[in-house]
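Just below is one structure, and these are the notes that go with it.
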Amino acid sequence: MRLISGIVIGLLAGVATGLLTAPDKGKKTRKKFNKDSNRFRKDVEKSINKNIDSLLETINKGVDRSSKKSKKSIFNLKRTAKA
């Protein structure tokens, strides 16, 4: 989490510096900034979605393993109770 925060802060500092030292006129700079910020937002969304998908996959695998172990334990308990 600290790494992501550092990256975001660094990115924002870079953008602010770029805006303050921009050689273009305000309208052109704002247009470029909007385009770049939209691209950055899309990249962040893709990254977050990818990580969420990976997390969900890991959770599902864990649930499946737990379910199988539970079923096996129940089977063994029933078998032991019959003996």
Rounded at 0.5 Å granularity, tell me how far CG in Asp53 sits from CD1 in Ile48.
12.0 Å
Do side-chain atoms of Thr58 reach the backbone of Ser54 as a donor and acceptor pair under 3.5 angstrom?
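Yes; at least one donor-acceptor contact below 3.5 Å.
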Result block: side-chain N/O donor-acceptor pairs under 3.5 angstrom for residues 67-77, not counting sequence neighbours:
unit_1	atom_1	unit_2	atom_2	d
Ser70	OG	Ser66	O	2.9
Ser73	OG	Lys69	O	3.0
Asn76	OD1	Arg79	NH2	3.3
Asn76	ND2	Lys72	O	3.4

If Ile, Leu, Val, Met, Phe, Trp and Tyr residues are connected whenever their side-chain heavy atoms lie under 4.5 Å apart, and connections chain through other members, are Ile9 and Val44 in the same group?
no
Are any of the side-chain heavy atoms of Asp36 and Arg39 separated by less than 4.5 Å?
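In short, these two side chains touch, coming nearer than 4.5 Å.
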Can you find a pair of side-chain heavy atoms, one from Asn38 and one from Arg41, that are under 4.5 Å apart?
yes
Apply the hydrophobic cluster definition, ILVMFWY joined by side-chain contacts under 4.5 Å directly or through others, and give me every member besides Ile59.
Leu55, Val63
